[in-house]
Peer 1: 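Shown below is the structure under consideration.
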Amino acid sequence: MPIIEAIHISKFFGALQVLKGISVSIQPGEIVTIVGASGAGKTTFLQIAGTLLKPSQGTVKINGADIGQLKDKELARFRNKHIGFVFQFHHLLPEFTALENVCIPAFIAGISRSEAMRKAKEILEFLTLGNRLHHKPAELSGGEQQRVAVARALINNPDVILADEPSGNLDSHNKKELHELFFTLRNRFNQTFVIVTHDNELARMSDRTITMHDGLLV
């Protein structure tokens with residue numbers, strides 16, 4: 001069964017049609033990249049797949065669940081439990097340490113503080129950030145901040161991680177490390193990734209590349 005199944009997805013913003021009836025299936029353990037020019041609809045599709053945006057038409061299923069049938073509170077719980085997000089701008093909270101930032105989705109999910117802290121520490125150590133647990137974002141390098149964002153995305157064992165230009169702000173060294181990390185996580189945990197990117201190297205590394213143009217799949 002696909003992790004994500006998007007069926008005939010259209011999206012209008014007023015009179016502007018950004019997505020024009022696209023259908024995509026993502027399988028467990030796949031690393032799929034979505035490429036295309038700016039304005040092609042990549043981020044809009046990713047936001048719909050991640051339940052952050054509702055389609056104007058069509059159906060999205062995650063692990064077989066039709067997310068269009070969920071009410072707002074149910075949808076928020078579902079998103080927190082089943083989907084991890086990594087953005088170009090890592091969106092770490094500046095007043096919290098790396099460890100605290102990673103714990104936030106677990107706290108929202110109702111996991112106890114001690115269990116969330118234990119798990120966050122374990123993930124950060126796996127991502128070679130064991131000596132940076134108590135540093136705030138301003139004290140971390142760009143690559144370290146993005147790894148903290150990846151750890152935060154992993155904390156609730158999501159079915160899929162959706163990433164929007166995750167290496168767009170990184171230098172070539174940190175970009176290469178982040179890309180390799182995605183494959184390490186897939187190989188170790190069978191983690192599924194859907195990644196919007198302009199990075200040709202990452203697109204070549206991925207299992208499958210989806211190209212979008214003017215709201216359609218090419």
Side-chain angles (χ1 to χ4, degrees), residues 3-4 26 28-33 46 49-52 62-63 76-170 173-197 202 205-207:
I3 287 281
I4 295 178
I26 309 293
E30 264 197 306
I31 295 181
V32 176
T33 47
L46 200 74
T51 77
L52 297 172
I62 297 178
N63 249 352
R77 281 195 296 271
F78 184 92
R79 183 188 307 126
N80 175 253
K81 184 175 180 183
H82 296 280
I83 305 169
F85 295 95
V86 181
F87 302 99
Q88 178 177 354
F89 303 100
H90 39 74
H91 297 306
L92 301 178
L93 296 175
E95 65 271 30
F96 295 119
T97 65
L99 186 65
E100 290 165 340
N101 266 285
V102 174
C103 284
I104 288 168
F107 293 154
I108 292 168
I111 295 170
S112 71
R113 182 175 177 82
S114 59
E115 175 62 13
M117 289 283 190
R118 182 198 67 76
K119 195 170 178 185
K121 185 169 182 282
E122 189 178 285
I123 295 169
L124 286 164
E125 286 174 347
F126 177 75
L127 300 182
T128 68
L129 289 168
N131 62 338
R132 313 295 274 169
L133 301 180
H134 304 293
H135 289 68
K136 292 183 178 177
E139 301 169 308
L140 302 172
S141 71
E144 288 170 338
Q145 289 177 44
Q146 200 58 305
R147 275 184 282 154
V148 172
V150 172
R152 180 182 57 192
L154 289 167
I155 187 76
N156 287 341
N157 296 326
D159 296 323
V160 61
I161 290 180
L162 305 179
D164 193 358
E165 296 287 0
S167 57
N169 263 8
L170 300 179
H173 173 74
N174 282 308
K175 186 180 292 190
K176 185 172 184 289
E177 283 198 343
L178 183 68
H179 295 168
E180 289 172 352
L181 174 61
F182 294 148
F183 289 86
T184 299
L185 292 168
R186 190 270 297 276
N187 294 340
R188 177 146 177 182
F189 302 113
N190 199 37
Q191 187 64 64
T192 307
F193 287 89
V194 183
I195 307 167
V196 165
T197 186
L202 177 56
M205 291 168 69
S206 65
D207 300 321

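None of these values were measured; they are calculated from a predicted model.
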Peer 1: Work out which heavy atom in Ala120 is nearest to a heavy atom in Ile155; give both atom names and the distance.
Peer 2: N-CD1, 3.6 Å
Peer 1: What are the two closest heavy atoms between Thr192 and Gly29, and how far apart are they?
Peer 2: OG1-N, 2.7 Å
Peer 1: Going by the rule ring-ring contact (aromatic ring centres under 6.0 Å, His included), which residues pair with His82 if we only count those two or more places apart in sequence or in a different chain?
Peer 2: Phe78
Peer 1: Do Asp207 side-chain atoms and Ile31 backbone N/O form a donor-acceptor pair below 3.5 Å?
Peer 2: yes
Peer 1: State, with a plain yes or no, whether a side-chain heavy atom of Thr97 is found less than 4.5 Å away from one of His135.
Peer 2: no
Peer 1: Between Glu115 and Ser112 (side chain of the first, backbone of the second, donor and acceptor by atom type, cut-off under 3.5 Å), is there such a pair?
Peer 2: no
Peer 1: Measure the shortest side-chain to side-chain distance between Phe85 and Leu46 over non-hydrogen atoms and say whether it is less than 4.5 angstrom.
Peer 2: no
Peer 1: State the CG-CG distance between Leu127 and Leu154, to the nearest 0.5 angstrom.
Peer 2: 6.5 Å
Peer 1: Please test Glu125 against Lys121 for salt bridge (charged side-chain N to carboxylate O under 4.0 Å, His left out), starting from the C-alpha separation and ending with a verdict.
Peer 2: CA-CA 6 Å; Glu125 286 174 347; Lys121 185 169 182 282; 2.9 Å; yes
Peer 1: Taking it one step at a time, do Glu122 and Lys119 satisfy salt bridge (charged side-chain N to carboxylate O under 4.0 Å, His left out)?
Peer 2: CA-CA 5 Å; Glu122 189 178 285; Lys119 195 170 178 185; over 6 Å; no
Peer 1: To the nearest 0.5 angstrom, please state how far the NZ atom of Lys81 sits from the CG atom of Asn63.
Peer 2: 10.5 Å
Peer 1: Minimum heavy-atom separation for Pro158 and Gly84, please, with both atom names.
Peer 2: CB-N, 3.5 Å
Peer 1: For the pair Asn156 (side chain) and Asn80 (backbone), establish whether a donor and an acceptor sit closer than 3.5 Å, ignoring hydrogens and angles.
Peer 2: yes
Peer 1: I need the Thr197 OG1 to His179 NE2 distance, nearest 0.5 Å.
Peer 2: 5.5 Å
Peer 1: Is there a donor-acceptor pair closer than 3.5 Å between any side-chain N or O of Glu139 and the backbone N or O of Lys136?
Peer 2: yes
Peer 1: Using side-chain heavy atoms (C-beta onward) and a distance below 4.5 Å, is Thr51 in contact with Ile62?
Peer 2: yes
Peer 1: Does the side chain of Ile104 come within less than 4.5 Å of Arg152's, by heavy atoms?
Peer 2: no
Peer 1: Over 60° means perpendicular and under 30° means parallel, so tell me whether Phe126 and Phe189 are parallel, tilted or perpendicular.
Peer 2: perpendicular
Peer 1: Output the distance between atom CE (Met205) and atom NZ (Lys176), rounded to the nearest 0.5 Å.
Peer 2: 8.0 Å
Peer 1: Which residue in the set Ile26, Leu185, Val86 passes side chain to side chain contact (heavy atoms under 4.5 Å, CB included) when paired with Phe193?
Peer 2: Leu185
Peer 1: Kindly give the heavy-atom pair with the smallest separation between Leu140 and Ala98, and that separation in Å.
Peer 2: CD1-CB, 4.3 Å
Peer 1: Are the side chains of Leu202 and Lys175 in contact, using a 4.5 Å heavy-atom criterion?
Peer 2: no
Peer 1: Is the shortest side-chain heavy-atom distance between Pro137 and Asn101 below 4.5 Å?
Peer 2: yes
Peer 1: Rounded to the nearest 0.5 Å, what's the gap from CD on Gln191 to CD1 on Ile3? Could you check?
Peer 2: 8.5 Å
Peer 1: Rounded to the nearest 0.5 Å, how far does CG of Asp159 lie from CD1 of Ile83?
Peer 2: 8.0 Å
Peer 1: Please check this pair: side chain of Arg132 against backbone of Gln145, looking for a donor-acceptor N/O pair closer than 3.5 Å.
Peer 2: no
